[in-house]
Each structure stands twice: as structure tokens, then as C-alpha cells.
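Scroll down for the structure; my scribbles are underneath it.
Residue indices begin at 1 and follow the sequence shown.
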Amino acid sequence: MRKIQLNHGVCLHIENTNKFKDVTVSVRFLTPFTKECTTLRSLLGMMLVDRTSTYDTKLKLQKQLDYLYGANLYYKVTGYGKGHV
């Protein structure tokens with residue numbers, strides 16, 4: 001695995017493998033576990049897999065993902081100790 005420091009507190013980890021044919025890009029944010037922050041991050045995750053400013057409807061976003069060889073977007077929100085990931 002290769003680790004590249006992009007910015008203070010932002011690292012890029014690259015792991016090459018021939019085990020799978022899929023390409024996975026995972027972005028993780030760690031913030032303090034507060035009620036306000038948790039709710040906002042959960043809503044943001046739900047919205048980003050649904051539509052963006054460029055693809056402002058579910059249909060437009062799904063057509064773009066299909067154009068990209070069936071790409072998928074998903075999100076997961078979880079608590080991690082005193083943090084929210």
C-alpha cells in the first residue's frame with residue numbers, strides 16, 4: 001500500500017490488487033460525535049448519492065452513472081469511539 005500526504009490531516013492510501021476487477025474510491029471524514037454534526041453529515045451522505053448540482057435529479061445522476069459503466073454511489077455513517085465517520 002502506498003500512502004501520499006495530500007494536506008494536513010488528509011492522506012491518500014492506494015492499494016493495488018489483481019484480486020478484484022472493481023475500482024473502489026472511499027472517502028472518509030472523521031468529526032467529533034455531536035448530535036448536530038451527526039445529523040448534518042447523515043443528511044449530506046443521503047443527498048450526495050441522490051443528486052448533485054450538475055445532476056440535479058435522480059434520473060440525471062443515474063444516467064451519468066450508467067454512462068460510467070454502471071458506477072455506483074453509496075454512503076455509510078457510523079460512530080467510531082468519540083468520533084463520527
Side-chain angles (χ1 to χ4, degrees):
M1 178 172 15
R2 197 171 67 173
K3 180 178 175 181
I4 302 169
Q5 185 77 29
L6 297 177
N7 205 339
H8 178 71
V10 180
C11 296
L12 173 66
H13 299 270
I14 300 173
E15 185 172 345
N16 292 330
T17 179
N18 293 326
K19 192 172 182 180
F20 305 103
K21 65 179 182 176
D22 295 339
V23 175
T24 302
V25 177
S26 176
V27 179
R28 297 179 186 174
F29 301 98
L30 178 62
T31 60
F33 198 77
T34 63
K35 184 177 180 179
E36 298 80 14
C37 181
T38 303
T39 303
L40 291 174
R41 292 235 186 247
S42 297
L43 287 171
L44 179 62
M46 285 188 262
M47 290 171 60
L48 286 176
V49 298
D50 203 45
R51 63 196 76 191
T52 65
S53 62
T54 304
Y55 307 102
D56 56 353
T57 66
K58 289 181 182 184
L59 182 60
K60 287 180 184 177
L61 182 59
Q62 190 56 51
K63 283 184 177 182
Q64 181 62 25
L65 292 172
D66 289 343
Y67 178 75
L68 296 170
Y69 303 99
N72 291 305
L73 290 175
Y74 68 95
Y75 77 102
K76 179 180 175 184
V77 177
T78 186
Y80 186 73
K82 291 184 179 182
H84 185 242
V85 180

Would you give the length of the straight line joining atom [atom1] of [X] to atom [atom2] of [Y], rounded to the nearest 0.5 angstrom?
X	Y	atom1	atom2	result
Lys3	Ile14	NZ	CD1	13.0 Å
Leu6	Cys11	CG	SG	7.5 Å
Lys60	Leu65	NZ	CG	14.5 Å
Thr52	Met47	OG1	CE	10.5 Å
Glu15	Thr17	CD	OG1	6.5 Å
Leu59	Gln64	CG	CD	12.0 Å

* With hydrophobic residues grouped by side-chain heavy-atom distances under 4.5 Å, do Leu73 and Leu43 end up in a single group? -> yes

* Asked: Would Tyr75 and Phe33 show up in the same hydrophobic cluster when neighbours are defined by side-chain heavy atoms closer than 4.5 Å?
  -> no

* For the residue pair Leu61 and Val49, what are the closest heavy atoms and their distance? -> CD2-O, 3.7 Å

* Asked: Given side chains that start at C-beta, do those of Asp50 and Lys58 come closer than 4.5 Å, heavy atoms only?
  -> yes

